[in-house]
Each structure stands twice: as C-alpha cells, then as structure tokens.
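Data first, discussion second: the structure below is written as structure tokens.
Computed from a prediction, not measured in an experiment: that's the story for all the values here. Below, chains carry the letters A, B, ... as their sequence lines are ordered, and counting in each starts from 1.
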Amino acid sequence: MFVQQVINGLTVGGVYALIALGYTMVYGILELINFAHGEIYMLGAYLGIIFLGFFTAIGLTSYSLPLALALTFVLSIVFCSAYGFTIEKTAYKPLRNASRLSPLISAIGVSIFLQNYVMLTQGATDKVFPHLFEETGFEMQGMTFTYIQIFIIVVSAVLMMLLNLFITKTRMGKAMRAVAQDKTMASLVGINIDTVISVTFVIGSGLAAVAGLMVAMYYGLVNYSIGYIAGIKAFTAAVLGGIGSIPGAMFGGILLGLVESLSSSYISPEYKDAYAFIILIIILFIKPSGLFGKAHEEKV
Amino acid sequence: MKKSFLLILLMSSVLIFSGCRKKEDVIKIGVVGPMTGDQAKMGTDFKNGVALAVEEWNTRGGVLNKKIVALIEDDQHDPKQAVSVANKLVNAGIAGVIGHFNSSCSIPASDVYNRAGIPMISPGSTNPQLTEKGHKGVFRVCGRDDQQGKVGAEFVINKLKLKKIAVIHDKTTYGQGLADEFKKFVEKDVEVVYYGGVIQGDKDFKTVLISIKEKKPELIYFGGIYPEAGLLVKQAKELGLSVPLMSGDGTIDPKFIEIAGAKAAEGTYLTFSPDAKKIPTAKKFVEDYEKKFGELGPYSIYAYDAANIMLSGIKEANSTEGRAITEKLHSVEFDGALGKIKFDAKGDVTVAPYIIWITKNGKFEEFWKP
C-alpha cells in the first residue's frame, strides 16, 4: 500500500511541480504572483479536449492515436504559451513601474476573466475527456499502476530536467538568471528585459498546459473552475520550496503531492486539502524563506 | 479570488433589485437550484420541469386570473449563495418557491422562506433535517434519506446477502446524511469495514480507494452526487478494485455513466424512485417534456409536480398570502404526474417509494423492489 500511495503522490506532485514552476519563474523575475497561472492550466485541459475532439472528427485518432495525442500536446502548449504571452503584454507590462499591488490585482482580474470566459464559451457543466484508450495498467505484488500515472511521472521529470538544462546551460537561461538578480544591471549589459520576461511567461504557460492536459487525461473530467484550487496548491508548493527558486518549486510540488497522498491514506482523507497547508505553516515557521529559498540565492 | 467575485455579484444584485421593485400584476414563483457548476444538469431539470407546468397553467389562463412568472435563481450548490438568493427571491415578492436541490442549501434557505412566511417545496432535497426543523411551510415531493437508506440496506442484506462493506460520503448534508442512514440500518447484519469522507469537488480518490481495497469489502456505498461517484468507479477499476458501487438518488444521472465510462459504471446499484416513464399518470408529462426539452432528467417530474402543487395551493387558497397557501398545501390531496400526493404534518409525502436501479450497458434499469 505504501508504494502505491507513493506512486499516487508522485503523479499528483509532478503536476503540482509543473504548475509551481510557472509561479516561481515569474516571481523570480518580476516579483509578481501571477494569479492567472492556474487558469492557464485549466485552459490547457480544455484546449486538449477541443483539439482531441477535432482530431477525432477528422479521423486522425483512429488513424494513429499517438500522433493525435502528440499533436494535441503541441497545440495545447502553443496556444497556452500564446495566452501567457498575451496576458503579460496586456495585463502586466503596462503596470511594470506601478506599485507592486497593481499587477497583483490585475492578475486576479485576468483570472476571473479567464474563468468566466471559459464558463460562457464552454458551458458550466463538467466536460468529459474522450475515452480514447483503455485505462490499463499492470499489477505488481498486489499493487496496480496505470500507464497514465507512469506517463505523468516520466513527462514531469523529463520536462523538469530540460528546464534545468535550459536555465543553467543556454544563453537565454543565463539572461534569465541575470534579470532575476538585477533588472537594471542586466539591461545595462545589453540583455533585452522584455524578451526575457516574455520567454519566462511562454515557458511557464507551456508547462502549465502540459500539466492541465495530463490531468484531463488522468481524471477524465474538466470544468472551468479546476484552475482555482490547482493554482492555490501549486502556489503553496512554490512557497514551500522557497518562491523564486526553481529546484524549490520542483521539490515543493512533489513534497506536497506525497504529503497529500500519504496523510490522506494513513490519517484520514476528509481533510486532504488541509494537510498541504499544515505543512506549509510548519515550514514557514521553521524557515520563513521556504525550503530552498535563501536570501542571496540565484532566484531563477 | 472566487470570494471577491461573489462579493461583486452580491453587490451588483443589490443594485439591480433596488431598481425593480415595482408592483406588477403577475404571480411570481421562485425556482432555485444549481443552475451553473458541476451539478448544473439538476438545476436545468428543475427549470424545465417548472417551465412546463407554468406554461400549462398560463395557457389555461394563469392562476387567480393572473399570469404566472417563474423567477430562476442559481444557488451554485453553495449554502451561502443559497441564503443570499433566498433573500433575493423574498424581496422580489414571490408567492412560493420550488427548490432547492442540495439539502445543504435547502436547509439554511428554508429559514429565510419561513421567516417571510413563504411556502417552499423542494423537488430533490432528501435529508431528513429539512422537514424536522418544524417550519410549517416547508414541503418536499421526494422521499427522505432515512427511507432511502433503509431500502438500500434491505437490498444489501436480503438480496445481495453481503458480509463486508465500505461506506464513504462527500461530507455534505445530503451525502453524509444518506451514508449515515444507510450505515445505521445495515450495521446490524453487515460489517462496515471502512467509513470515511471525501472532499466534494476533488478529482483524486485513489488514496481512499487504496485504503478501502486493503479492507477487502464486497461493496462500496457512496453518499454523494454523480461527479464524484463517476470518478470513484472509474478510479476503482483502474486500481483493480472490482466490487460494485452503490449510491443514492444523487448519482442517477446519465453524466455519471459518461464520466465513469460505460464499462466502469456497469453494475452500479442506485436507490431511486420508480421510472417516471413507467408511471401511468406521468405519460402525458413525459411526452410533453421530451417534445420540448429532450431527454427527461431524474428530477424533472418532481419539479413539475412541485410547481403544479404550489400553483394548485395558490388557487385553492384563492390568495398569494403565504400562510393561506401553506394551510391548503397541508390539507389538500393533489393529483400529480407521480400519482396522488399528500403531505403529512411535517411536510413530507405520505408515500415515498424507493426501489433499486442498476447500471447496465450504459443505461439505468429498474432492478429490485423491496
């Protein structure tokens, strides 16, 4: 039972971590809590259902399911990245030199707008993800794992590794770290701040799109309000790990998933949502900057 | 985020109201249920059922020579919102209200209607508490969870003859109430190996299901609504936990099968009233409803009857005064699509038939009568 709960925890935790990365990257660079980020995740799930529906209609899913799924992933990422890019340009950029509260309120506004936009265009009822493939898995010593769980864990891990490589090895990654340390100084040495910020939003939104689509596939049920609680949980994960720190967000997300899974099986499932926040309070008491948050650590 | 949005809604609704309180020569009745959100299907069934009744009355010339207008409100299956829309309807000057759906909404809202002396008929709230509070103007056309839980328990004991079961609920007034009633009746003969709650709106029930699987029950009883029930059976199957699920009237909705997938939903037992399509008195209603709105929802007929009873009450009382209508609702026997309906002193129907349904080949079928 323990191993099975750990696998469940890793599945959920991987998703939290992917969303948390978006929060932490934006915070690292702009010191803004992007409350609209949870809605990008929700959009990812909806776009997945829409594109997959379209591919089913033109017969691509029956021709080659993996191809259809891959295209769905790519398109969802592209669309969500476009949403992220547009949101930054329209809702945050004009407020970049305003007081810190203004973009925060703007973010809440974007979140409310996106939720209602999806509710009005897609309907208020639950959308069911098409049952395209058998939810099969394999048994091992009395434990059952589904392939989709393994898929989520693997994809999350690979994406996190790629992101880490990108941040540490590429020119753009270096620029992002520089902007996170000191915006003015970075612009003085010739880094285009606007480009760096846009890239941050595009990457964060892309990761959220993958998370949304994987969750839609996993649970098979999506509605316009899923971004809210997922956003809050991922935000908790980011704070837990130390907001602004990328390894912190990854670790925080996975820790949160494991805590939820194990505590609800060994204590009681009734207060599942509460455990995450209890852990958060304890950690903030002991280490107010979060697990990986150091005063002078590189933030991005 | 959500709270601030609600606040804005509330504030704007106050403004809207203060602007439109002029006297009109119509009789208003309120229709409330979850019109949006994951349970919107139930709210829509209410709306359609009442709309059909109102339309029929209006073509016959209305009631007390006045046209009837149904005011539709959305409680979002949120108790706080339920109280706020109840106040809104009272201020709008309704003669009676058809609603709410969720017991957790009906119970607090009934206090508001009671204070205003406005009669309320719930088509779908089955928690015993609703009519146990002693509010004179509170009625329901459906049965009660203690009756429903008892039938479920009899089925498990006498027909399935099981020895070990698990009981879970969604911690709502309805879900936990039903699960507790069921547990109370079943405990005497069957061992309850697991009892616990899950969070309504959650999507991941694997942790609970794994704990349940360890205990090896022969059946899982779930007190709750279809979105969670659908995910429960789906995820149970994924975990290789192949015991049937049993649930109550909140789960009997085509969406349940859609969410779970026909394969996982197969063999789920549900307690519900007999098929509306097989009730002789409901024939005309079913035809008219399906012609107008398509597929009949599980609560459409209850909403239709509730509206008819309310309007008959107004007609009998020859007044839109709440206390006079309440008086008549208690004393008169109504001819509804469901058959003859009479309320007892508490406001419950005197006969509440519950039977066991089963999910078969992606459809619900009548299965067993106590």
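Among the candidates B:Asp204, B:Leu239, B:Leu241, B:Thr44, the residue making the largest number of heavy-atom pairs closer than 4.5 Å to chain A is B:Asp204. Of the listed residues B:Thr36, B:Ile210, B:Val198, the one with more heavy-atom pairs under 4.5 angstrom with chain A than any other is B:Ile210. Interface summary for chain B: among A:Val128, A:Ile226, A:Leu262, the most heavy-atom pairs under 4.5 angstrom belong to A:Val128.
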Full working for side chain to side chain contact (heavy atoms under 4.5 Å, CB included) between A:Ile7 and B:Lys206: CA-CA 11 Å; A:Ile7 295 283; B:Lys206 286 207 167 152; over 6 Å; no
Side chain to side chain contact (heavy atoms under 4.5 Å, CB included) between A:Gln5 and B:Ser211, intermediate numbers included: CA-CA 9 Å; A:Gln5 296 290 22; B:Ser211 305; 4.2 Å; yes
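Counting non-hydrogen atoms of neighbouring residues, nucleotides and ligands closer than 6.0 angstrom, the OH atom of A:Tyr271 reaches no more than 12 such neighbours. When the shell of 6.0 Å around OH of A:Tyr117 is examined, it contains 12 or fewer heavy atoms from other residues, nucleotides or ligands. Summarising the local packing, CZ of B:Phe293 is surrounded by more than 12 heavy atoms from other residues, nucleotides or ligands at distances under 6.0 Å.
Of the two parts of A:Ser261, the backbone and the side chain both hold a non-hydrogen atom closer than 4.5 Å to a non-hydrogen atom of chain B. Proximity to chain A involves both the backbone and the side chain of B:Glu258, based on heavy atoms less than 4.5 angstrom apart. Residue B:Tyr195 does not touch chain A at all, counting heavy-atom pairs closer than 4.5 Å. With a 4.5 Å cut-off on non-hydrogen atoms, B:Leu231 touches chain A through its side chain but not through its backbone. For B:Ala264, no part lies under 4.5 angstrom from a heavy atom of chain A.
Of the charged side-chain nitrogens involved, at least one lies within less than 4.0 Å of a carboxylate oxygen, so that B:Asp202 and A:Lys272 count as a salt-bridged pair.
Of residues 165-182 of chain B, those residues with a non-hydrogen atom less than 4.5 Å from any non-hydrogen atom of chain A are, in numerical order, B:Lys171.
Under the 3.5 Å distance criterion, the side-chain polar atoms of A:Glu270 are matched with a main-chain donor or acceptor of B:Gly197. The backbone N or O of A:Asp126 sits less than 3.5 Å from a side-chain atom of B:Lys255, completing a donor-acceptor pair.
Here the closest heavy-atom approach between residue A:Tyr219 and residue B:Gln235 is recorded as CD2-NE2, 3.4 Å. The shortest heavy-atom contact between B:Val208 and A:Pro269 is CG2-CB, 3.5 Å. Smallest separation of non-hydrogen atoms from A:Tyr218 and B:Glu238: O-OE2, 4.3 Å.
Paired with B:Lys203 under the rule side chain to side chain contact (heavy atoms under 4.5 Å, CB included), one option of A:Val222, A:Asn223, A:Val12 passes, and it is A:Asn223.
A side-chain N or O of A:Ser264 and one of B:Thr207 form a donor-acceptor pair less than 3.5 Å apart.
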